[in-house]
Undergrad: 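Would you mind keeping the following structure in view while I ask a few things?
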Number of protein chains: 2
Amino acid sequence: MAAAIARGLEAEGFVVDRAGDGPSGLDLARFGGYDVVVLDIMLPGMSGYTVVRTLRAERNWVPVLMLSAKDGEYDEADGLDYGADDYLTKPFSFVVLLARLRALLRRDPQPRPTVLVVGSLSLDPATHVVRDAGHEVDLSPREFLLLEHLLRAHPAVVSKETLLESVWGSSDDVNVVEVYVGYLRRKLGRGRIETVRGAGYRVPS
Amino acid sequence: MAAAIARGLEAEGFVVDRAGDGPSGLDLARFGGYDVVVLDIMLPGMSGYTVVRTLRAERNWVPVLMLSAKDGEYDEADGLDYGADDYLTKPFSFVVLLARLRALLRRDPQPRPTVLVVGSLSLDPATHVVRDAGHEVDLSPREFLLLEHLLRAHPAVVSKETLLESVWGSSDDVNVVEVYVGYLRRKLGRGRIETVRGAGYRVPS
DNA sequence: CGGGCTCCTGAGAGCGTCCTGAGAAGGCGT
DNA sequence: ACGCCTTCTCAGGACGCTCTCAGGAGCCCG
């Protein structure tokens, strides 16, 4: 299948590299400097989900088009949640694949990171939707902003002063940050935000 | 020139509308529901580049063929970067234009629909018809425009300020937006438009 | 082991955002 | 001129959000 697609794309003038399993595909995507990645979900060694999630966690925003035999709506949402840019279910015509690829290629030269993903947690700044293991979580504006900053910093530690500055726009009492971290922990689970005594907070992987 | 092309295409069986400047062309392309657009680069009021870029930014994937007197390679790349599907430099023969147009029409067997559809809700900018689960809904012009913008943004959140700017053309009191969201909710059902406190409104999937 | 510090958390007051009903002003067709 | 529809303003009120405070728990150090 991969060979067939590669041949077709080369016939259309694309320059194509091909990987046979998940890990080597991830490496190619990391260091190959590609314009677009076509990614199957079912892969030996590492699922396509994991590949795209890993890329996004490394702040790699190369456009990704996912392929899958599944066609449930949940699967599609999953793929897009993990950071894929488009989705195609088998069977598909080669012409459609071409059209979608061209659409991806002519998008913004620097597509903004649509979704922040860490582990089973995802936050979409555009839709203001936060999901934990696929289950939607309701956050207040302040809580949302705080989580967004923590996720953007992931996996680094962020000091309370920094959070106060960037989320609250400078107030004077850092206790507010502690209170809101408490709110987030109550909604997301205790382990989602770690306290680093004397330094601040971080979201563990 | 535009008149000559229009006559020629009509003689070939196409149904043609024609705009004399950039802004009106953009409006036609937006709401006309065309199968293909022929677009000159040099236009009064707004360049062809801007027209096609605006269309793509609005997720409008109508096939666009650009025309220009320039023939540098850079120009061609520019046009295609902004989202044009093909490019023709003057002078060109009418037969070539016809062939390229037919190729564009053949290309994507499943062009992105111009009708906006989210769930059981559909809005057709061309006919100004809104349906909810097959049942037609009567909207005032302002209500229609507001819903259209929300649907185009789907599933992203749109701030009241943005809506005020793009639907009302900048007033000063965002309460108007709240009132009209109320009107839409009354006609479409409560759950069709979500309030995202502190951020704006969104149409859920 | 005890003191001091950092961090957590429950309670509650105040405030802001958002919703809604009422109604005035304007446009348009009859 | 009349009635209908649309648009927009205004004010009241509900509810959720934000933040403060104070006490308590946990950690580090002497």
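Chain A is the first sequence line, chain B the second, and so forth, proteins listed ahead of strands; every chain is numbered from 1.
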Undergrad: Does anything in residues 195-205 of chain A come within less than 4.0 Å of DNA chain C? Heavy atoms only, and list the residues if so.
TA: Thr195(A), Arg197(A), Gly198(A), Tyr201(A)

Undergrad: When you measure from the side-chain N and O atoms of Arg186(A) to the phosphate of dG10(C), is any distance below 4.0 Å, counting only OP1 and OP2?
TA: yes

Undergrad: Using modelled atom types and a 3.5 Å cut-off, is there a donor and acceptor pairing between side-chain atoms of Arg197(B) and backbone atoms of Ser140(A)?
TA: no

Undergrad: Using only modelled atom types and a 3.5 angstrom limit, is any donor from either the side chain of Tyr183(B) or the base of dC8(D) paired with an acceptor on the other?
TA: yes

Undergrad: Measuring to OP1 and OP2 of dT17(C), would you say a side-chain N or O of Lys160(B) lies under 4.0 angstrom away?
TA: no

Undergrad: How many angstroms lie between atom CZ of Arg190(A) and atom CG of Leu184(A), to the nearest 0.5 angstrom?
TA: 12.0 Å

Undergrad: Within this structure, what is the CZ-to-C1' distance between Arg190(B) and dC18(C), rounded to whole angstrom?
TA: 13 Å

Undergrad: Using a 4.0 Å heavy-atom cut-off, does Val181(B) contact any base of the nucleic acid, only the sugar-phosphate backbone, or nothing at all?
TA: nothing

Undergrad: Give the minimum heavy-atom separation between Val115(A) and Ser122(A), together with the two atoms involved.
TA: CG1-CB, 4.0 Å

Undergrad: Could you give the CD-to-C1' distance, from Glu194(B) to dC19(C), as a whole number of Å?
TA: 16 Å

Undergrad: Nearest whole Å is fine: how far is dC8(D) C1' from Leu146(B) CG?
TA: 14 Å

Undergrad: Under a 3.5 Å distance rule, please check whether Arg202(A) uses its side chain to pair with a backbone N or O of Glu194(A) as donor and acceptor.
TA: no

Undergrad: Kindly give the heavy-atom pair with the smallest separation between Val203(B) and Val118(B), and that separation in Å.
TA: CG1-CG1, 3.9 Å

Undergrad: Could you state the CG-C1' distance from Leu164(A) to dC7(C), rounded to the nearest angstrom?
TA: 15 Å

Undergrad: Do Asn175(A) side-chain and dC7(C) base share a donor-acceptor contact under 3.5 Å?
TA: no

Undergrad: Taking atom P of dC10(D) as reference, at what distance in whole Å does atom OH of Tyr180(B) sit?
TA: 15 Å

Undergrad: Output the residues of residues 137-145 of chain B in contact with DNA chain D, where contact means a heavy atom of the residue under 4.0 Å from an atom of the strand; sort by number or write none.
TA: Ser140(B), Pro141(B), Arg142(B)

Undergrad: Nearest 0.5 angstrom please: Leu67(A) CG to Leu97(A) CG, how far?
TA: 6.5 Å

Undergrad: Measure CG/Asp173(A) against C1'/dC19(D) and give the value in whole Å, please.
TA: 9 Å

Undergrad: Counting only side-chain nitrogens and oxygens, does Trp168(B) get under 4.0 Å of the OP1 or OP2 atom of dC8(D)?
TA: yes

Undergrad: For residues Tyr201(B) and Leu150(B), report the shortest heavy-atom separation together with the two atoms involved.
TA: O-CD2, 4.1 Å

Undergrad: Rounded off to whole Å, could you give me the CG-to-P distance for the Leu163(B) and dT7(D) pair?
TA: 15 Å

Undergrad: Hey, could you give me the CG/CG distance between Leu139(B) and Leu146(B), rounded to the nearest 0.5 Å?
TA: 9.5 Å

Undergrad: For Arg152(A) and Ser166(A), does a side-chain donor sit closer than 3.5 Å to a side-chain acceptor?
TA: no

Undergrad: Starting at atom CG of Leu184(B), determine the distance to atom P of dC19(C), rounded to an integer number of angstrom.
TA: 12 Å

